[in-house]
Amino acid sequence: MTANKIPALYVHVPFCASICSYCDFSRQVYRAETADRWLTAIETELKARADGIRPETIYIGGGTPSCLPLPQLERLLSMLDPYTETVKEYTVECNPELRNKRVIECLASHQVNRISIGLQTADSSLLKTCGRRHDAADVKRLVDQFSACGISNISLDLMYGLPDQTMEQLEQSIAFALSCHPRHLSLYSLTIEPNSVFGKKGIQPADPDLEADMYERICSILKAHGYLHYEISNFALPGYESKHNTSTWEYRDFLGIGYGAWGMEDHYRYTHADTLHAYLDDQLYRNVTELTEKERMFEAVMMGLRLRSGISSKRFYDQFGIHLNACYPNTISALKARGLLAESDDRLFCTEQGWPVLNNLLVEFMEEAQL
Ligand code: SF4
């Protein structure tokens, strides 16, 4: 794929005001001078890699993009202005501590039209345990501030399976989230990463049965409130499904800019330098993995079946020149016979029974592909 056909642009901001106890992402505590050098590096990489692209979506994630002070955020958004002409969805991740009205106005003035906010939980004691510095009221205030500036397409992140979290605490958090009227909700179950604060303290993951019950409870409440469960961990009011993430689940290419970002173009997946300082020295270094056709086909299945609507057989054929059913004949017919997969029109998708055990289904696809 030539660069100007890339449908999605992701920029990773590797700074946070403080570090959450569960986090193992590519990020570090914000420092003004490092951020200035990082912005210069981003400018260089954009000039070298993004020249002429006309993306449909831009996503600035992190890290915490909103921890950049106004002049630095303005500089970043100005660098991205040339790519906004064809953009339908422009998302920026913000943490609830954001209070500066001028930052919110700045985002709106640069065509940002979607905000993703990390609520995680509405419970103050759990937020403290997680090392988060906000409370639920900050989220409500921020949602209202964005709405007042014309950005009402808000997504909230919600976590479950937090240390000692009860079902009642979870239900209160869902009720609070719903009171903010988000257009979209993303769910994350707590994973204990060895290098996170939780990992180092030996915090144990939630009981798998409780975690499964929590997931089911969230699904049923959100469904009852009119949210479409359009991807395993994502819910949206009709018409507000994330275009950027859907592009990834449909296994389309995307350009990843900045230390901590990864991207995919043609047969290649890439990451950047291993550390921020290595990236500042050489922003054009790419750690490239070449994928075989078999690996790409499997990944397309793995990502596509995460969507409620599943995989388009036509798109699969256009991408790989082989019919999906011809690629995995035994697995697809066996899983259909067991009621775990279904086909309708052009699409292959998981049934209600198949979706919760998607990982097991993928093992069968993998075995047939002999990966
Ligand atoms: S979870 Fe998000 S806000 Fe918290 S440290 Fe990690 S990247 Fe930063």
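One-based numbering, in listed order, for ligands and for the atoms of each.
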Please tabulate, for the side chains in residues 302-311, all donor-acceptor contacts under 3.5 angstrom to protein atoms that are two or more places apart in sequence or on a different chain.
| residue | atom | partner | partner atom | Å |
| --- | --- | --- | --- | --- |
| R306 | NE | E231 | OE2 | 2.5 |
| R306 | NH2 | E231 | OE2 | 2.9 |
| R308 | NE | H229 | O | 3.4 |
| R308 | NH1 | E352 | OE2 | 3.0 |

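Side-chain contact between W355 and I232 is present, with at least one heavy-atom pair separated by less than 4.5 Å.
No side-chain donor-acceptor contact under 3.5 Å links Y10 to the backbone of G258.
Protein atoms that are N, O or S and lie under 2.8 Å from atom 4 (Fe) of ligand 1 are these: C20 SG.
Salt-bridge annotation for R315 and D346: absent, with no side-chain N of the basic residue lying under 4.0 Å from a carboxylate O of the acidic one. Salt bridge annotation for R252-E56: absent, with no cationic side-chain nitrogen under 4.0 angstrom from a carboxylate oxygen.
A 6.0 Å sphere centred on CG of D345 holds no more than 12 heavy atoms belonging to other residues, nucleotides or ligands.
Here the heavy atom of the protein found nearest to atom 7 (S) of ligand 1 is G63 N, 3.3 Å.
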